[in-house]
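Take a look at the structure below.
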Amino acid sequence: GAGVSQSPSNKVTEKGKDVELRCDPISGHTALYWYRQSLGQGLEFLIYFQGNSAPDKSGLPSDRFSAERTGGSVSTLTIQRTQQEDSAVYLCASRQFTDTQYFGPGTRLTVL
Amino acid sequence: RKEVEQDPGPFNVPEGATVAFNCTYSNSASQSFFWYRQDCRKEPKLLMSVYSSGNEDGRFTAQLNRASQYISLLIRDSKLSDSATYLCVVTPGYGQNFVFGPGTRLSVLP
């Protein structure tokens with residue numbers, strides 16, 4: 001079956017612009033996670049959605065970052081007024097009843 | 001102190017060698033433990049879960065020591081294809097956030 005998909009695969013933007021990153025989880029997966037990974041670094045947790053519960057936003061680095069998950073499926077991560085330090089690979093993962101997370105291929109964001 | 005710490009690496013080993021990675025975690029309430037593998041410029045993929053009794057999957061053996069808050073991964077008879085970054089992952093339990101370690105990079109040399 002289809003895995004987690006993310007779009008776009010690459011995004012180049014100018015400092016100060018807003019960007020939207022999309023994640024399509026595996027159908028039926030109730031849990032969805034956003035992480036970011038800077039070059040040569042580990043994964044940094046951003047936000048976590050579980051069913052209809054309030055999302056865990058504890059990892060969002062600033063109020064320029066927000067995410068929503070519509071209809072319990074697709075999620076959009078929005079970064080407003082992008083800064084150069086936002087450049088990273090943004091990874092989405094989904095999970096169902098087991099503890100296994102399935103990752104998408106990521107979106108590589110470059111802020112010039 | 002970081003929640004999950006790993007051997008800094010990189011580990012450069014010849015084919016056929018045995019290599020062990022260590023991971024420590026700070027949250028004593030942690031319930032579930034995993035090793036993920038991440039190839040260069042790819043997404044992480046689950047390698048194996050880590051159970052209290054220890055578990056083995058072919059050439060890979062994972063161990064958990066709850067008292068010491070320590071996890072290990074042993075790779076025997078390493079192959080060139082084992083070259084990757086190995087991520088230690090810890091979660092307080094079902095429905096909780098996953099905390100990733102910084103990873104240990106392994107290069108298996110011919």
Side-chain angles (χ1 to χ4, degrees), chain A residues 2-7 9-10 21 23-26 29-60 67 87-110, chain B residues 1-10 21-27 29-52 55 57 62 64 71 84-107:
Chain A
V4 178
S5 61
Q6 293 186 245
S7 61
S9 54
N10 282 284
L21 312 179
C23 172
D24 275 279
I26 293 173
H29 280 198
T30 57
L32 187 149
Y33 303 77
W34 282 100
Y35 299 89
R36 74 176 174 181
Q37 188 172 32
S38 301
L39 188 64
Q41 303 296 311
L43 273 71
E44 177 188 1
F45 165 72
L46 297 178
I47 188 169
Y48 161 49
F49 296 89
Q50 173 63 59
N52 295 321
S53 302
D56 176 355
K57 303 180 182 180
S58 60
L60 295 178
S87 296
V89 176
Y90 289 80
L91 290 159
C92 173
S94 71
R95 176 176 62 78
Q96 189 46 321
F97 299 115
T98 71
D99 279 332
T100 305
Q101 290 187 93
Y102 296 88
F103 282 84
T107 294
R108 185 173 300 277
L109 174 66
T110 303
Chain B
R1 182 186 171 189
K2 291 183 180 177
E3 283 193 69
V4 180
E5 298 192 71
Q6 297 186 238
D7 290 334
F21 303 136
N22 300 315
C23 169
T24 57
Y25 59 95
S26 61
N27 184 352
S30 298
Q31 297 287 329
S32 301
F33 311 90
F34 312 89
W35 284 101
Y36 275 70
R37 169 194 170 127
Q38 185 173 26
D39 292 289
C40 188
R41 301 176 78 87
K42 297 285 189 180
E43 70 274 21
K45 293 185 179 178
L46 178 68
L47 177 65
M48 59 197 304
S49 301
V50 186
Y51 303 119
S52 296
N55 48 301
D57 183 1
L64 168 64
I71 306 158
T85 295
Y86 290 82
L87 303 166
C88 177
V89 185
V90 173
T91 179
Y94 181 78
Q96 301 289 324
N97 175 34
F98 288 67
V99 182
F100 283 75
T104 300
R105 189 157 61 89
L106 171 67
S107 293

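So that the names make sense, note that chain A is the first sequence line, chain B the second, and so on, each numbered from 1. Owing to the predicted nature of the structure, the values given are computational and were not obtained by experimental measurement.
To the nearest 0.5 angstrom, A:Thr100 atom OG1 is 12.0 Å from B:Met48 atom CE. Here A:Phe103 contributes atom CZ and B:Gln38 contributes atom CD; the two are 8.0 Å apart, rounded to the nearest 0.5 Å.
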Ring pair (Phe, Tyr, Trp, His ring centres under 6.0 Å) assessment of B:Phe98 paired with A:Phe45: CA-CA 8 Å; B:Phe98 288 67; A:Phe45 165 72; 9.6 Å; no
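Of the listed residues (A:Gln37, A:Gln41, A:Glu44), the greatest number of heavy-atom pairs within a distance under 4.5 Å of chain B belongs to A:Gln37.
Remark: aromatic rings of A:Tyr35 and B:Phe100 are close, center separation under 6.0 Å.
Neither the backbone nor the side chain of B:Gln6 comes within less than 4.5 Å of any heavy atom in chain A. Looking at A:Leu43, both its backbone and its side chain come within 4.5 Å of chain B, counting heavy atoms on both sides.
When every heavy atom of A:Gln101 is checked against every heavy atom of B:Tyr36, the shortest pair comes out as N-OH, 3.0 Å.
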